[in-house]
Amino acid sequence: MLTLTQTAAEAVKSIVANVPQAEDGGIRIRDTGPQTGFELSVAPTPEPDDTVVVTDGARVFLNAPAAQALDDRVLDAEMVQDGSVRFALATQG
């Protein structure tokens, strides 16, 4: 299952906190296929078939294809001084 680093968890919580209608929600990762990759969005709740990953209060919702594709991955983040966030994936272990 996808895991989050502490930095990624803080980034997710920070992003979600800035969206009033989703303050108890999370980041949703949707696998849109090999041509387009992954789509990230803020969601107030997971979709019925989403896998939910929780790390230190940060919630990430994965659609079924994303959950499968990211099963052995670690989500990390870099908080940039301009306020933007860069996410990166690495292999676990």
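Since this is a predicted model, take the numbers as computed values, not measurements.
- Think of Val74 as one node in a network of Ile, Leu, Val, Met, Phe, Trp and Tyr side chains linked at under 4.5 Å; it has no links at all.
- When all heavy atoms of Ala8 and Ala77 are compared, the closest pair comes out as CA-CB, 3.7 Å.
- Residue pairs meeting the side chain to side chain donor-acceptor pair (under 3.5 Å) criterion with at least one member in residues 60-72, sequence neighbours excluded, do not occur.
- In the hydrophobic clustering, Phe38 connects to Met1, Leu2, Leu4, Val12, Ile15, Val16, Val19, Ile27, Ile29, Leu40, Val42, Val53, Val60, Leu62, Leu70, Leu75, Met79, Val85, Phe87, Leu89, either directly or through intervening members, whenever side-chain heavy atoms lie under 4.5 Å apart.
- Under the side-chain hydrogen bond (donor to acceptor under 3.5 Å, both in side chains) criterion, Thr5 pairs with Asp76, not counting sequence neighbours.
- Legend: salt bridge (charged side-chain N to carboxylate O under 4.0 Å, His left out) pairs involving residues 84-93, not counting sequence neighbours: none detected.
- Shown here are the side chain to side chain contact (heavy atoms under 4.5 Å, CB included) partners of Thr36, two or more places apart in sequence or in another chain: Thr32.
- Applying the side chain to side chain donor-acceptor pair (under 3.5 Å) test to pairs two or more places apart or on separate chains, those with a residue in residues 50-62 are Gln6-Asp56, Arg28-Asp50.
- Take Asp82 and apply the side-chain hydrogen bond (donor to acceptor under 3.5 Å, both in side chains) test, not counting sequence neighbours, and it matches Ser84.
- Taking Glu47 as the reference, nothing meets the salt bridge (charged side-chain N to carboxylate O under 4.0 Å, His left out) condition, with sequence neighbours excluded.
- A heavy-atom distance below 4.5 Å is found between the side chains of Gln92 and Thr3.
- Every pair passing salt bridge (charged side-chain N to carboxylate O under 4.0 Å, His left out) that includes a residue from residues 1-12 is listed here, sequence neighbours excluded: Glu10-Lys13.
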